[in-house]
Amino acid sequence: MTVKTRIAPSPTGDPHVGTGYIALFNYCFAKKHGGSFILRIEDTDQSRSAPEYEQAIMDALKWLGVEWDEGPDVGGPSGPYRQSERKEIYQEHSDLLIEKGDAYRCFCTSERLDEMRKERLAQKMPTLGYDGRCRHLTPEEVQKNLDDGVPHVVRLKMPTDGDTIISDRLRGEIRYPNYQQDDQVLLKSDGFPTYHLANVVDDHLMEITHVIRAEEWIPSTPKHLRLYEAFGWEVPEFIHMPLLRNKDKSKISKRKNPTSLLYYKAIGVLPEAMRNFLALLGYSFGDDIEKFTLAELLEQFDIGRVSLGEPVFELEKLNWLNGLYIREMDPPELQKRLVEHLFNSEYLAKILPLVQERIERFDEFIPNNPYFFSSSVEYDPALLIGKKLTIGESLKALSELADVMDAQRIWTVESIEAMLRGFCEDTGVKPRSLFMPVRIAVSGRKASPPLFEMMDVLGKPICQQRMREAVSNLQQHKILVEREEKANS
RNA sequence: GGCCCAUUAGUCUAAUUGGUUAGGACGCUGGCCUCUCAAGUCGGUAGCACGGGUUCAAGUCCCGUAUGGGCCGCCA
């Protein structure tokens with residue numbers, strides 16, 4: 001048996017450290033066993049997927065040093081590798097299941113489902129999933145709905161008794177009682193598959209032998225097993241990796257942590273350090289060795305050495321590792337990489353038009369514009385309070401804007417201006433009140449080049465992080481102010 | 001609310017067939033080095049969540065409790 005693993009990211013956001021993390025382990029496992037590793041794009045959510053994100057994910061994985069043998073860009077024997085291009089395959093498989101009686105059409109509206117969920121949550125009912133209403137529709141009723149053009153989904157029929165046992169390489173056997181599994185949607189009303197169907201069908205057709213994915217998938221694995229069984233397919237081996245955590249131990253999230261690989265690249269984390277650091281989360285090299293190359297890791301890799309604790313994504317060790325890599329670098333190589341990173345001609349060419357009118361001598365170039373060269377900025381948090389706004393209003397605006405910024409797909413002067421002005425229209429906050437705090441947040445200065453141009457040059461990852469920092473700074477400032485007021489009254 | 005996963009210092013982890021003064025690293029901290037800082041180097045700090053069992057012997061096995069987390073979407 002040839003080992004085959006995959007990373008299956010969804011292009012719905014910036015390249016995530018978790019994707020890099022899981023990709024790294026899939027890659028190592030495949031290569032260690034002389035197998036292959038494939039990249040599959042899971043873009044079945046039409047409303048959220050975007051080609052820009054797909055490209056960014058591929059670039060980020062390459063940056064990390066994780067290379068795939070098959071994928072949308074390089075092709076391969078099991079293509080296409082983009083799920084949006086495999087729609088018919090899923091529909092055929094869905095039809096097959098309906099024919100065999102393992103799946104059924106469901107005509108329930110999302111409104112009804114929402115209401116049901118809310119009610120059950122309120123009543124603290126043990127099961128929150130689908131109640132199976134359409135499971136017992138007669139063929140005539142189904143036909144009538146179909147004839148009437150009622151939108152519908154296809155659901156998997158789960159067994160109502162017995163147990164499903166998941167076998168996990170790291171965790172042993174996990175037993176789930178079937179009665180509490182609801183009938184998962186396989187095909188959405190837009191004809192696209194959900195993760196569950198697409199994932200199982202593709203893993204089979206692409207001959208994936210080992211599914212290495214995050215822990216959050218454990219609860220839906222019984223559904224996947226049911227699908228393999230219904231199709232009569234051989235089940236791959238499951239390996240559920242621990243989930244990366246915020247400092248408060250919750251699942252890593254962009255509100256509490258920079259989660260974009262682009263950000264780490266932007267602040268000058270070396271890819272070899274990032275990869276080394278990611279490997280260290282949940283994995284130990286052995287022999288007390290903490291710094292190792294990809295080749296060294298591959299040499300001794302053993303998936304059984306993964307520990308199941310919940311690793312907190314803390315940057316101190318990353319910084320230390322990065323320093324180690326910098327110190328060992330040959331000075332010419334270091335110079336080359338530093339110039340590429342911070343003083344490349346493309347970057348300077350974007351900065352200069354903004355700075356040209358604002359300097360009188362070259363020696364002012366960097367000190368007058370430190371925000372272009374340093375990843376963090378410093379300022380008085382009180383400056384983040386917009387004109388005619390209270391602290392609370394400013395905080396709300398900046399925090400909401402940070403969310404809007406996260407979802408911004410295209411980062412150009414025009415799109416940034418549209419985003420900021422659109423935000424003002426949507427929220428009723430005046431540009432006069434908003435733009436200065438944003439300027440402070442991204443540059444730390446009251447006087448700076450024009451905001452949109454400056455944000456374009458700084459790039460999305462840096463602006464995002466500075467916005468998050470601003471929100472956090474203002475939050476702390478608010479607490480201080482409130483405490484003072486209390487003391488005075 | 002139900003189910004599931006996890007639990008070694010502030011953080012990442014070792015100890016993977018029960019036997020160690022529980023090891024390493026980051027961080028923090030002290031000394032040395034040194035024109036300063038950093039780096040380097042030598043030291044220090046701090047841990048088996050708790051309670052029961054099994055055993056000559058438990059971080060390790062079993063049970064319970066607690067804590068943290070995940071999932072319960074026409075998201076993935």
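We name chains A, B, ... by the order of the sequence lines, and we start the count at 1 in each one.
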[N] and [M]: how far apart are their [atom1] atoms, nearest whole angstrom?
{"N": "G47(B)", "M": "A25(B)", "atom1": "C1'", "answer": "15 Å"}
{"N": "G23(B)", "M": "A46(B)", "atom1": "P", "answer": "13 Å"}
{"N": "G2(B)", "M": "U54(B)", "atom1": "C1'", "answer": "33 Å"}
{"N": "C37(B)", "M": "U29(B)", "atom1": "P", "answer": "14 Å"}
{"N": "G59(B)", "M": "G18(B)", "atom1": "C1'", "answer": "10 Å"}
{"N": "G24(B)", "M": "G31(B)", "atom1": "C1'", "answer": "22 Å"}
{"N": "C61(B)", "M": "A57(B)", "atom1": "C1'", "answer": "13 Å"}
{"N": "C4(B)", "M": "A9(B)", "atom1": "P", "answer": "26 Å"}

Tell me which nucleotide among [options] gets nearest to the side chain of [X].
{"X": "Tyr195(A)", "options": "C5(B), A76(B), C26(B)", "answer": "A76(B)"}
{"X": "Arg327(A)", "options": "A39(B), A15(B), A6(B)", "answer": "A39(B)"}
{"X": "Glu290(A)", "options": "A76(B), C75(B), C12(B)", "answer": "C12(B)"}
{"X": "Lys317(A)", "options": "C4(B), A76(B), C12(B)", "answer": "C12(B)"}
{"X": "Lys251(A)", "options": "G68(B), A76(B), C71(B)", "answer": "C71(B)"}
{"X": "Leu128(A)", "options": "C3(B), G1(B), C5(B)", "answer": "G1(B)"}
{"X": "Ile174(A)", "options": "A25(B), C74(B), C5(B)", "answer": "C5(B)"}
{"X": "Asp288(A)", "options": "G24(B), G68(B), C74(B)", "answer": "G24(B)"}
{"X": "Leu324(A)", "options": "A76(B), G40(B), G73(B)", "answer": "G40(B)"}
{"X": "Pro126(A)", "options": "G73(B), G2(B), C12(B)", "answer": "G2(B)"}

Would you mind reading off the distance between [X] atom [atom1] and [N] atom [atom2], rounded to a whole angstrom?
{"X": "Lys256(A)", "N": "G69(B)", "atom1": "NZ", "atom2": "C1'", "value": "12 Å"}
{"X": "Glu215(A)", "N": "G68(B)", "atom1": "CD", "atom2": "P", "value": "16 Å"}
{"X": "Glu119(A)", "N": "G1(B)", "atom1": "CD", "atom2": "C1'", "value": "14 Å"}
{"X": "Glu314(A)", "N": "A25(B)", "atom1": "CD", "atom2": "P", "value": "19 Å"}
{"X": "Leu244(A)", "N": "G68(B)", "atom1": "CG", "atom2": "P", "value": "20 Å"}
{"X": "Arg48(A)", "N": "C74(B)", "atom1": "CZ", "atom2": "C1'", "value": "13 Å"}
{"X": "Lys249(A)", "N": "G70(B)", "atom1": "NZ", "atom2": "P", "value": "12 Å"}
{"X": "Ile218(A)", "N": "A6(B)", "atom1": "CD1", "atom2": "P", "value": "7 Å"}

Answer yes when Arg409(A) and Glu52(A) have at least one side-chain N-carboxylate O distance shorter than 4.0 Å, and no when they do not.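 Not counted as a salt bridge, because no side-chain N and carboxylate O are separated by less than 4.0 Å.
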Under 3.5 Å, is there an N or O donor on one side and an acceptor on the other linking the side chain of Gln180(A) and the base of G2(B)?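 Flag unset: no donor-acceptor pair detected.
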Report yes or no: is there a donor-acceptor pair, N or O only, under 3.5 Å between the side chain of Ser189(A) and the base of C74(B)?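 Indeed, a donor on one side and an acceptor on the other fall under 3.5 Å apart.
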Quick one: label Val185(A) by what it contacts on the DNA or RNA (base, sugar-phosphate, nothing), any heavy atom closer than 4.0 Å.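 Contact class for Val185(A): sugar-phosphate only.
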For [N], which nucleotide is its Watson-Crick or G-U wobble mate, given both distances must be under 3.5 Å?
{"N": "G1(B)", "value": "C72(B)"}
{"N": "C48(B)", "value": "none"}
{"N": "C61(B)", "value": "G53(B)"}
{"N": "U41(B)", "value": "G31(B)"}
{"N": "A6(B)", "value": "U67(B)"}
{"N": "A15(B)", "value": "none"}

CG of Asp248(A): more than 12 outside heavy atoms within 6.0 angstrom?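 Atom CG in Asp248(A) is crowded, with more than 12 foreign heavy atoms closer than 6.0 Å.
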Using distance alone, with no hydrogens and no angle criterion, decide if [X] and [Y] have a side-chain donor and acceptor under 3.5 Å apart.
{"X": "Gln46(A)", "Y": "Asp190(A)", "answer": "no"}
{"X": "Asn276(A)", "Y": "Glu272(A)", "answer": "no"}
{"X": "Glu141(A)", "Y": "Asn145(A)", "answer": "no"}

For Tyr21(A) and Gly282(A), work out which heavy atoms get closest and say how close.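 It is OH-CA, 4.1 Å.
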Distance flag, aromatic centroids of Phe373(A) and Phe365(A), threshold under 6.0 Å: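 Yes; Phe373(A) has its ring centre under 6.0 Å from that of Phe365(A).
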May I ask you to decide if the ring planes of Phe277(A) and Phe313(A) are parallel, tilted or perpendicular, using 30° and 60° as cut-offs?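 Aromatic pair Phe277(A)/Phe313(A) classed perpendicular.
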Can you work out whether Leu280(A) or Arg117(A) has the more 5'-proximal nearest nucleotide on RNA chain B?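 The residue whose closest nucleotide sits nearer the 5' end is Leu280(A).
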Between Leu243(A) and Asp45(A), which is nearer to the 5' end of RNA chain B once each is assigned its nearest nucleotide?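 Counting from the 5' end, the first nearest nucleotide belongs to Leu243(A).
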